[in-house]
Visitor: 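Please read through the structure below; I'll follow up with questions.
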There are 2 protein chains.
Amino acid sequence: MSDAQTALKRRPTDKEGDERHEAIYRAVSDAIVEQRLKPGARLREDALAEVFGISRTGIRKILQRLALEQLVTLTPRRGASVTRPTAEEAKDVFDARQLIECGLMPDVARRMNAAAAAELREMARQERQALRSGQQSVAIRLSADFHVRLAQLSGNATLAEFVERLCSRSSLILAVYGHRGHLGCESHDHDDLIGYLETGNGERAKAFMSRHLKAIEASLSMVEEEENVPDLQQIFGV
Amino acid sequence: MSDAQTALKRRPTDKEGDERHEAIYRAVSDAIVEQRLKPGARLREDALAEVFGISRTGIRKILQRLALEQLVTLTPRRGASVTRPTAEEAKDVFDARQLIECGLMPDVARRMNAAAAAELREMARQERQALRSGQQSVAIRLSADFHVRLAQLSGNATLAEFVERLCSRSSLILAVYGHRGHLGCESHDHDDLIGYLETGNGERAKAFMSRHLKAIEASLSMVEEEENVPDLQQIFGV
DNA sequence: AAAGGAAATGCTGTATACAATAAATAGCAT
DNA sequence: ATGCTATTTATTGTATACAGCATTTCCTTT
């Protein structure tokens, strides 16, 4: 066996293993958020273990984490699949975002500075660019990142984590109930928001965020997806 | 081997296993929330596995879940220990509770009915009784349960789950920064709150909840626990 | 031919064995 | 005696083997 093969087969040390785990978690999480893995898609442990070159043990750990974040659904003896949010869950998520993200705007405005504003503008720019070049998956992810970064700037790590979870789930909701080609966030909304925050106008930013989120929610078509077991009577007219 | 021993040694079927896992999770979670397991306490996998009669595999799953809920801290190669919240985390948690729990009060008031009010009054009664009979651990748990049930009555499962997490962490915070014999919640506060909610006075309930949470936070002494490595220079005056 | 059931297969849940590393301790040198 | 290093011990991280349910497939029966 050559040295290269030996190196490849070498059991990774634990620190490397931790980083690898985190990388795999993010790979799966990103794939879900970017909608490359669509709601309902099954995630078999063996398949994932083979793709990423680790054993099922590590995969299970990652799937459990994703399940607690409600990105995947774990049904006993059936395994994991990408969560298909219900209409009720969608309402809850957007109501929660209204409460939390809007409530954070005054704090964010208070703590805003030039460096943070520049960072946000760069993120908004990348998002617009992705949208222009038709990379919808990337744009969805960047949009979620923008909202999360905003929450982090409030200084409250706990609430920022909540927002992170809500944004991930929002991506799933958009995948199921959103219209094709409509991203949810208007391309210039984020830039406008930065403007209000830069001038320290927290209340105005709060109101704007509220309209922004309402606009996203309103762009959804809240018809429940057809079940896998179609109602034949209805389809064929009795 | 007798039949009884055979029955005991029998590998539990999977459904039984699931219930058992949930029971163990709640046993550990309750012990932490009720402060029978104090912050900093180490949770060795072998010890837990033996106590509950399952293998380390199941224990690890439970510990990971508790870690994601930030009730236990998982340090690589060192294992699990009950989380010792920092002063900053404590501030974040109570700020988050201010935002979320207060924000939910109008919804709760709108959805309040006789059955719900009766249930809440019963919970408040049990809490008072536990406090009177000196069962501080039980009282802490019942107080957290009250806040969680309240959030659930808002109808938003997502936000209710967030409140559940925040209340659990609040118990840890009280364990570290609270004064002995002072529970945080005043005994009659919860009853007063139910009154406002029963009359549909959401705004008044919101204001009351805000004062209630502020009072709990104010009762904490925010001095960081002494470190294991004391600052000798300061202690001995240079 | 359709429906019901039984065998077979696929996949997950659990335990256990083994590898790796961090902490503790003892021994050695200065 | 103190500080450093090596060995031992305790504990976690990972893989794998095996057991059990769910689903599918094929055969039998009506």
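Below, chains carry the letters A, B, ... as their sequence lines are ordered, and counting in each starts from 1.
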Visitor: Determine to 10° how strongly the helix from C:dA1-D:dT30 to C:dT30-D:dA1 is bent, judged from the axes of its five-pair ends.
Guide: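 Both end axes considered, the difference amounts to 10°.
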Visitor: Report yes if a side-chain nitrogen or oxygen of B:Lys61 is closer than 4.0 Å to either non-bridging phosphate oxygen (OP1 or OP2) of C:dT14; otherwise report no.
Guide: yes
Visitor: Quick one: which of D:dT14, C:dT16, C:dG13 gets closest to the side chain of B:Ser55?
Guide: C:dT16
Visitor: Heavy atom of residues 38-53 of chain B under 4.0 Å from DNA chain C: which residues?
Guide: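 Output list: empty, so none.
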Visitor: Output every pair passing salt bridge (Lys or Arg N to Asp or Glu O under 4.0 Å) with a member in residues 52-62 of chain B, not counting sequence neighbours, ordered by first then second residue.
Guide: B:Glu45-B:Arg56, B:Glu45-B:Arg60
Visitor: Quick one: does NZ or CZ of B:Arg65 land under 6.0 Å from the six-membered ring centre of B:Tyr25, within 45 degrees of the ring axis?
Guide: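 Positive - B:Arg65 is close enough to the ring of B:Tyr25 and near enough to its axis.
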Visitor: Among residues at least two apart in sequence or on other chains, which ones pass side-chain hydrogen bond (donor to acceptor under 3.5 Å, both in side chains) with B:Gln70?
Guide: B:Arg169
Visitor: For A:Glu89, which residues count as a side-chain hydrogen bond (donor to acceptor under 3.5 Å, both in side chains) partner, sequence neighbours excluded?
Guide: none
Visitor: Closer than 4.0 Å, any side-chain N/O of A:Arg60 to the OP1 or OP2 of C:dT12?
Guide: no
Visitor: How far does NZ of A:Lys38 sit from CG of A:Leu172, to the nearest 0.5 angstrom?
Guide: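 A:Lys38 NZ to A:Leu172 CG: 12.0 Å, rounded to 0.5 Å.
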Visitor: Salt bridge or not between B:Lys91 and B:Asp95? Use side-chain N to carboxylate O under 4.0 Å.
Guide: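 A salt bridge is present here (some side-chain N lies under 4.0 Å from a carboxylate O).
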Visitor: At a cut-off of 3.5 Å, list every protein nitrogen or oxygen paired with a nitrogen or oxygen from nucleotides 22-24 of chain D, distance to 0.1 Å.
Guide:
| from | atom 1 | to | atom 2 | distance (Å) |
| --- | --- | --- | --- | --- |
| D:dT23 | OP1 | A:Arg78 | NH1 | 2.9 |

Visitor: Could you verify whether a donor N or O on one side chain and an acceptor N or O on the other, from A:Ser170 and A:Arg97, lie under 3.5 Å apart?
Guide: yes
Visitor: Mind checking what makes side-chain contact (heavy atoms from CB on, under 4.5 Å) contact with B:Ala31, not counting sequence neighbours?
Guide: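 Testing B:Ala31 for side-chain contact (heavy atoms from CB on, under 4.5 Å), a comparison that skips the adjacent residues, returns B:Arg36, B:Leu37.
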Visitor: Within this structure, what is the NE2-CE distance for the pair A:His190 and A:Met123, rounded to the nearest 0.5 Å?
Guide: 9.5 Å
Visitor: Can you pull out the residues from residues 62-73 of chain A that lie within a 4.0 Å heavy-atom distance of DNA chain C?
Guide: none
Visitor: Which residues pass the side-chain contact (heavy atoms from CB on, under 4.5 Å) test with A:Ser133, not counting sequence neighbours?
Guide: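 A:Gln135.
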Visitor: Partners of B:Arg125 by side-chain hydrogen bond (donor to acceptor under 3.5 Å, both in side chains), sequence neighbours excluded?
Guide: B:Glu122, B:Gln129
Visitor: If a pair satisfies ring pair (Phe, Tyr, Trp, His ring centres under 6.0 Å) and one of its residues is in residues 148-174 of chain B, list it, with sequence neighbours excluded.
Guide: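 For residues 148-174 of chain B, and leaving out neighbouring residues, the ring pair (Phe, Tyr, Trp, His ring centres under 6.0 Å) pairs sorted by first residue read A:Phe162-B:Phe162.
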Visitor: Taking only side-chain N and O atoms of B:Arg56, does any of them lie within less than 4.0 angstrom of OP1 or OP2 on D:dT12?
Guide: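 No, no such contact exists.
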Visitor: What's the CD1-P distance between B:Ile59 and D:dT12, to the nearest Å?
Guide: 11 Å
Visitor: Please list, chain by chain and in numerical order, all residues satisfying side-chain hydrogen bond (donor to acceptor under 3.5 Å, both in side chains) with A:Arg149, sequence neighbours excluded.
Guide: A:Glu119, A:Gln152
